[in-house]
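Here's the structure we're looking at; comments come further down.
Here the structure is a predicted model, which is why all the values come from computation and not from measurement.
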Amino acid sequence: MRWLLVVAVLVAGCGQLSDTHHRPGNSHEVATAPPSTVNGEVLVPITIAQGQVSPPSGWVEIRKGQPVAITVTSDVSDELHVHGYDVEAELLAGKAVTVRFTADVAGVFQVETHENKLVLTQLAVK
């Protein structure tokens with residue numbers, strides 16, 4: 001009977017977290033290729049089309065102190081937000097928007113859209 005209680009607690013604890021793995025743009029995969037860098041600035045291009053994030057969201061590794069440029073092109077209007085850095089930008093359908101900042105705080109920071117709640121990537125600043 002004790003094992004049944006343990007299973008019930010484990011299943012109940014996975015509710016909300018497991019749900020995020022099934023929505024488009026909410027993958028937790030590791031990025032398959034490093035981002036490109038131009039003059040020391042990390043370039044992170046992202047496209048959103050029909051609710052799908054391309055490349056699929058994952059991790060982008062960045063050295064602390066590096067400048068970052070995240071360019072997002074979306075087929076719908078929304079708001080872009082880089083958590084931890086409080087960088088925000090309005091996304092207009094069909095127009096590329098670039099946000100620039102220096103990754104001067106170590107940690108893992110989610111980049112997402114507010115209206116559609118898509119996780120675009122996660123920045124791992126070391």
Side-chain angles (χ1 to χ4, degrees):
M1 200 57 139
R2 188 177 289 178
W3 65 270
L4 185 57
L5 178 62
V6 171
V7 170
V9 169
L10 289 175
V11 169
C14 293
Q16 288 298 93
L17 181 60
S18 63
D19 180 59
T20 64
H21 292 279
H22 301 289
R23 290 195 304 257
N26 283 340
S27 169
H28 296 288
E29 300 171 9
V30 174
T32 55
S36 59
T37 305
V38 175
N39 296 326
E41 183 177 53
V42 177
L43 306 178
V44 183
I46 298 170
T47 302
I48 304 168
Q50 298 178 357
Q52 299 294 313
V53 178
S54 179
S57 62
W59 300 90
V60 177
E61 292 188 10
I62 300 169
R63 285 188 334 270
K64 186 175 176 186
Q66 262 188 311
V68 178
I70 301 172
T71 301
V72 178
T73 305
S74 177
D75 61 350
V76 296
S77 295
D78 207 325
E79 184 178 4
L80 172 69
H81 185 210
V82 181
H83 286 273
Y85 289 93
D86 292 326
V87 174
E88 295 182 356
E90 184 178 357
L91 295 175
L92 298 175
K95 299 196 185 260
V97 173
T98 301
V99 294
R100 287 187 158 83
F101 60 95
T102 300
D104 55 2
V105 178
V108 177
F109 306 96
Q110 202 168 58
V111 180
E112 68 175 6
T113 61
H114 276 185
E115 186 68 29
N116 291 309
K117 297 180 178 21
L118 294 174
V119 175
L120 306 183
T121 192
Q122 296 181 60
L123 307 176
V125 181
K126 300 176 182 181

- Is a donor on one side and an acceptor on the other found under 3.5 Å between the side chain of Asp78 and the backbone of Asn116? yes
- Message: Quick one: does any side-chain atom of Ser54 pair with a main-chain N or O of Thr47 as donor and acceptor, under 3.5 Å?
- Response: no
- Please say which of Leu123, Leu43, Leu120, Val87 ends up in a side chain to side chain contact (heavy atoms under 4.5 Å, CB included) with Ile70. Leu123
To the nearest 0.5 Å, what is the distance between [atom1] ([X]) and [atom2] ([Y])?
| X | Y | atom1 | atom2 | answer |
| --- | --- | --- | --- | --- |
| Glu61 | Gln66 | CD | CD | 11.0 Å |
| Glu112 | Glu79 | CD | CD | 9.5 Å |
| His81 | Leu91 | NE2 | CG | 12.5 Å |
| Asp104 | Tyr85 | CG | OH | 5.5 Å |
| Glu90 | Ser74 | CD | OG | 11.5 Å |
| Thr73 | Lys95 | OG1 | NZ | 11.0 Å |

Give me the atom names and distance for the closest heavy-atom approach of [X] to [Y].
| X | Y | result |
| --- | --- | --- |
| Ile46 | Thr121 | CD1-CG2, 4.1 Å |
| Pro55 | Pro45 | CD-O, 3.6 Å |
| Ser57 | Val119 | CB-O, 3.2 Å |
| Ala93 | Ser77 | N-OG, 3.2 Å |

- Message: For Glu115, is the CD atom crowded, meaning more than 12 foreign heavy atoms sit under 6.0 Å from it?
- Response: no
- Task: Answer whether the closest heavy-atom distance between the side chains of Asp75 and Gln50 falls below 4.5 Å.
- Result: yes
- Task: Please examine the side chains of Ile62 and Phe109, heavy atoms only from C-beta on, and report whether any two atoms are closer than 4.5 Å.
- Result: no
- Task: Please work out whether the ring planes of His114 and His83 are parallel, tilted or perpendicular, with thresholds of 30° and 60°.
- Result: tilted
- Task: List in chain and number order the residues that pass side-chain hydrogen bond (donor to acceptor under 3.5 Å, both in side chains) with Thr98, two or more places apart in sequence or in another chain; answer none if no residue qualifies.
- Result: Thr71
- Message: Starting from Leu92, can I reach Val72 by hopping between I/L/V/M/F/W/Y residues whose side chains sit under 4.5 Å apart?
- Response: no
- Message: According to a hydrophobic-cluster definition based on side-chain heavy atoms being under 4.5 Å apart (Ile, Leu, Val, Met, Phe, Trp, Tyr only), do Val99 and Val76 belong together?
- Response: no
